[in-house]
Amino acid sequence: MAKAIPSRSENYSEWYNELIKKADLAENSAVRGCMVIKPYGYSIWEKMQRALDDMFKETGHSNAYFPLFIPKSYLSKEASHVEGFAKECAVVTHYRLKNAEDGSGVIVDPEAKLEEELIVRPTSETVIWSTYKNWIQSYRDLPLLINQWANVVRWEMRTRIFLRTAEFLWQEGHTAHATKAEAEAETRQMLDVYARFAEEWMGVPVVRGSKTPNERFAGAEDTMCIEAMMQDGKALQAGTSHFLGQNFAKAFDVQFLNKANQQEYVWGTSWGVSTRLMGALIMAHSDDDGLVLPPKLAPIQVVIVPIYRNEEQLAQLSERILPLVKDLRKAGVSVKFDDSDTNKPGWKFAEYELRGVPVRLAMGMRDFENGTVEIARRDLKTKETVPFDGILERIQALLDDIQQSIYQKALAFRQANTFKVDTWDEFKDQIEKGGFIMAHWDGTSETEEAIKEETKATIRCIPFDAEDEAGTCVFSGQPSARRVVFARAY
RNA sequence: CGGGGUGUAGCGCAGUCCGGUUAGCGUACCUGGUUUGGGACCAGGUGGUCGUAGGUUCGAAUCCUACCACCCCGACCA
């Protein structure tokens, strides 16, 4: 058991960290808070990118690229925006190094100070809206529907691999519209895209809703989000979509001439998901034996392990297996035939389980003679011996089944850990046990902050699907019309 | 950024308190042989700026100072 990882119940965060290292997803770098995403982890991210990018294109968006550096002055143009980000910005002040005169190494050349400092983007609203000003003159230029795949930097005090890193990868959509209604519809449309991606691709059920004013994006009029529950009962914000109103249009003077020949400010949205989704994927499904990946995002969907004593046996097995490999690839299934003789079958079984490969086939001489093959599924750790004939169809059906099954399991977990709570004592008691708490809230920031202060729980969102239900605030006793989701969050 | 902990071979660790042969163990890796249906076995080997930089000392992994990174708790955080 050379590569065993700690159990979830023993130490959840150590389990998370070790799993990421052992499954070869990523590692910490020499730079504080920054990570190296390793090939196996990056290929999962690439699959996420591909699926999301397709969905963005289907909804009419185009990709573009804006600069990494933002002039300092841009950041101050939208008041609440700068307030939200100022404390965590990396700043470029010089553009040249030189050798120290005492030979001690390289130093920043004091003569190469920048006239105006550059901010490494924490998000790109400012640089993009300053560009949109030049691109938009008429209602005919709208809507402007743009996405960019990029890295951003936020100088976080406390980092956690994938969940909160100083530099992370993401996509950020930035759109401009002629009307408020259109921008609002876009905000909701992209949130729904994220929810569909989380549920159908990642197998992670999410709650859709709006943030409270306290938790809103700096510069937005409404922030919608999807919230997922991790296996320790904590919430993870998995994606956000912001209705920006005319805030950035006004800050960067982006106006257009409407059909009636009148100048109007445009309406904006922005929306993003990041490599944090990798953290969500890991924490939602994986177990004490390692990663559990949904087939739609698994870099290797099927691994085939031959069990042989000598070259002749391997040749025989290969002759039967290789056509299957070819057929699987033709059917769009990513498959690895691991005929390496560097490790024994037992080692390979454990290794591919650690890496979360959804389906494993094993074939030895016993199967070869019986015309059978052993098929195992990662999520349930079950295996059975089945006829080799028809295995292709069986694999495809099993991949579909696993995709559904891990979603259903995560959904059942969330349902079992979501509680309606009506008294403050009950609230304090339940929050210690974890999970989502559905409770009434009086709608004030004061109450929200007081609850956070006392319990570390935040309002994750005001869910769209909450039913109207008259009640009283769990903290203040004031009247409330519907329940909101409280939880401790990452 | 405050409190606590850690940093020694690719990985996991001992040694540090109380300075003193050539810095050790497990695993991985290499070679040969035997093995192969759940992380094989035997034998022989390779691999170390002891986190970095200074200092104390005849002598530093060990003592002192500063810095860097990681982990846990807090503050901060869309």
Side-chain angles (χ1 to χ4, degrees), chain A residues 1-6 11-14 16-18 21-22 24 27-35 80-81 83-89 104-105 122-123 125 152 154-161 163-166 168 170 172 210-220 222-227 236-242 244 270-274 276 289-290 305-311 313-314 317 339-354 360-368 370 372-374 376 381 383 385 452-453 456 458-461 489-490:
Chain A
M1 296 291 279
K3 275 186 135 181
I5 54 177
N11 187 336
Y12 195 79
S13 50
E14 201 185 332
Y16 176 77
N17 287 326
E18 283 300 308
K21 274 190 251 177
K22 298 280 163 57
D24 234 11
E27 59 191 34
N28 283 304
S29 72
V31 182
R32 179 191 142 73
C34 296
M35 64 180 164
S80 60
H81 190 67
E83 201 179 316
F85 288 105
K87 283 178 283 184
E88 51 183 37
C89 287
S104 60
T123 179
E125 274 78 5
V152 288
R154 295 178 189 178
W155 215 260
E156 301 286 355
M157 286 303 162
R158 194 170 163 192
T159 60
R160 246 165 159 299
I161 200 157
L163 297 178
R164 178 170 283 113
T165 46
F168 56 93
W170 76 345
E172 47 182 326
S210 276
K211 288 291 187 191
T212 61
N214 263 2
E215 301 272 331
R216 226 172 248 164
F217 173 74
D222 185 16
T223 287
M224 301 180 186
C225 62
I226 51 172
E227 293 285 329
L236 183 75
Q237 177 179 300
T240 47
S241 184
H242 314 292
L244 303 176
S270 67
W271 27 275
V273 294
S274 70
R276 174 179 254 207
D289 294 313
V305 179
I307 298 156
Y308 56 95
R309 288 166 201 277
N310 52 50
E311 288 297 317
Q313 290 187 350
L314 176 60
L317 291 167
D339 61 350
S340 64
D341 60 356
T342 45
N343 292 109
K344 289 180 47 170
W347 190 92
K348 293 176 183 174
F349 295 166
E351 183 67 15
Y352 291 112
E353 274 161 15
L354 184 58
R360 184 189 71 229
L361 298 187
M363 188 189 287
M365 293 316 287
R366 196 168 69 214
D367 288 306
F368 184 83
N370 296 341
T372 56
V373 65
E374 183 187 272
K381 298 256 299 173
K383 58 186 180 184
T385 297
K452 185 179 179 184
E453 178 69 25
K456 290 191 234 167
T458 50
I459 298 176
R460 302 315 305 158
C461 70
Y490 277 98

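The figures here come from the full heavy-atom set of this structure, side chains too, leaving out hydrogens, waters and symmetry mates. The chains referred to below are lettered A, B, ... by the order of the sequence lines, with proteins before strands, and numbering in each begins at 1.
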- Item | Watson-Crick or G-U wobble mate for B:C1, both contacts under 3.5 Å | B:G74
- Message: Counting only side-chain nitrogens and oxygens, does A:Arg160 get under 4.0 Å of the OP1 or OP2 atom of B:C71?
- Response: no
- Item | Rounded distance in Å between the C1' positions of B:C63 and B:C1 | 30 Å
- Report which part of the nucleic acid A:Lys211 touches: base, sugar-phosphate, or nothing (heavy-atom distance under 4.0 Å, all strands). nothing
- Query: Expressed in whole Å, how much space separates the C1' atoms belonging to B:G51 and B:U6?
  - Reply: 11 Å
- Message: Keeping A:Ser80 on the side-chain end and A:Gly219 on the backbone end, is there a donor-acceptor pair under 3.5 Å?
- Response: yes
- Task: Name the nucleic acid region contacted by A:Asn17, choosing base, sugar-phosphate or nothing; use a 4.0 angstrom heavy-atom cut-off, strictly under.
- Result: sugar-phosphate
- Task: For B:C41 versus B:G37, give the span between their P atoms, rounded off to a whole number of Å.
- Result: 13 Å
- Item | 5′-ward residue of the pair A:Gly84/A:Asn310 relative to RNA chain B | A:Asn310
- Partner nucleotide of B:A43 by Watson-Crick or wobble geometry (both distances under 3.5 Å): B:U31
- Item | Short side-chain to backbone donor-acceptor contact, A:Tyr490 and A:Arg164, under 3.5 Å | no
- Can a donor-acceptor pair under 3.5 Å be found between the side-chain atoms of A:Glu353 and the base atoms of B:G38? yes
- Between B:U65 and B:A23, how far is it from one P atom to the other, in whole Å? 27 Å
- Item | A:Asp367 CG to B:G37 C1', straight-line distance once rounded to whole Å | 8 Å
- Message: Please classify the nucleic acid contact of A:Lys456 as base, sugar-phosphate, or nothing, using heavy-atom distances under 4.0 Å.
- Response: sugar-phosphate
- Within this structure, what is the CG-to-C1' distance between A:Asn28 and B:C68, rounded to whole angstrom? 14 Å
- Using the P atom on both, measure B:A61 against B:U16 and round to a whole Å. 14 Å
- With heavy atoms under 4.0 Å as the rule, sort A:Arg360 into base, sugar-phosphate or nothing. base
- Please give, in whole Å, the distance from B:G7 C1' to A:Glu27 CD? 16 Å
- Message: With a 4.0 Å limit, can you tell me whether A:Lys344 has a side-chain N or O closer than that to the phosphate oxygens OP1/OP2 of B:U35?
- Response: no
- Report the distance from atom NZ of A:Lys381 to atom C1' of B:G39, rounded to the nearest whole Å. 11 Å
- Message: I need the A:Thr123 OG1 to A:His81 NE2 distance, nearest 0.5 Å.
- Response: 5.5 Å
- A:Phe349 versus A:Lys383: any side-chain heavy-atom pair under 4.5 Å? no
- Integer-rounded Å distance: B:C77 P and A:Arg460 CZ: 14 Å
- Task: Determine whether any donor atom in the side chain of A:Arg158 lies under 3.5 Å from an acceptor atom in the base of B:C77, or the reverse, and answer yes or no.
- Result: no
- Task: Find the distance A:Lys22:NZ to B:U27:C1' and express it as a whole number of Å.
- Result: 11 Å
- Given B:A75, B:G39, B:U36, the nucleotide with the shortest approach to the side chain of A:Met157: B:A75
- Verify, without hydrogens or angle tests, whether A:Gln313 (side chain) and A:Arg309 (backbone) share a donor-acceptor contact under 3.5 angstrom. yes
- Base, sugar-phosphate alone, or nothing: which one does A:Arg32 contact when heavy atoms must sit under 4.0 Å apart? sugar-phosphate
- Sugar-phosphate, base or nothing in reach of A:Ser13, heavy atoms under 4.0 Å: sugar-phosphate
- Query: With nearest nucleotides of RNA chain B determined for A:Met363 and A:Phe217 from heavy-atom distances, which residue corresponds to the more 5′ nucleotide?
  - Reply: A:Met363
- Task: Answer with base, sugar-phosphate or nothing: what part of the nucleic acid does A:Gln313 contact at a heavy-atom distance below 4.0 Å?
- Result: nothing
- Message: If I pick the C1' atom on B:U62 and the same atom on B:G20, what distance separates them, to the nearest angstrom?
- Response: 11 Å
- Task: Tell me, please, which residues at least two apart from A:Asp222 pass side-chain contact (heavy atoms from CB on, under 4.5 Å).
- Result: A:Ser210, A:Met224, A:Phe243
- Item | Pairwise P distance, B:A14 and B:U57 [rounded to whole Å] | 32 Å
- Item | Pairwise P distance, B:G47 and B:C17 [rounded to whole Å] | 29 Å
- Task: Searching all strands shown, indicate the nucleotide that pairs with B:C58 (Watson-Crick or G-U wobble; both distances under 3.5 Å).
- Result: B:G20
- Side chain of A:Lys87: nearest nucleotide among B:G38, B:G37, B:C77? B:C77
- Task: Using a 4.0 Å heavy-atom cut-off across all strands, classify A:Ala218 as base, sugar-phosphate, or nothing.
- Result: nothing
- Under-3.5 Å donor-acceptor pair between A:Asn343 side chain and B:G39 base: no
- Base, sugar-phosphate, or nothing for A:Trp170, non-hydrogen atoms under 4.0 angstrom? base
- Message: Test your reading of the model: is there a side-chain donor-acceptor pair from A:His242 to the backbone of A:Thr223, 3.5 Å cut-off?
- Response: no
- Task: Looking at every strand, decide which applies to A:Gly33 at a 4.0 Å heavy-atom threshold: base, sugar-phosphate, or nothing.
- Result: sugar-phosphate
- Give the rounded distance in Å between these two atoms: CG of A:Asn11 and C1' of B:C72. 9 Å
- Would you mind classifying the nucleic acid contact of A:Pro122 as base, sugar-phosphate or nothing, using non-hydrogen atoms under 4.0 angstrom? base
- Item | Side-chain-base donor-acceptor pair under 3.5 Å for A:Lys383 and B:G38 | yes
- Query: Does the pair A:Lys21/A:Glu18 count as a salt bridge with the N-to-O cut at 4.0 Å?
  - Reply: yes
- A:Glu374 near the nucleic acid: base, sugar-phosphate alone, or nothing, with a heavy-atom cut-off under 4.0 Å? base
- Is there side-chain contact between A:Thr342 and A:Trp347, with heavy atoms separated by less than 4.5 Å? no
- Calculate the interatomic distance between A:Glu14 atom CD and B:U6 atom P; express it in whole Å. 15 Å
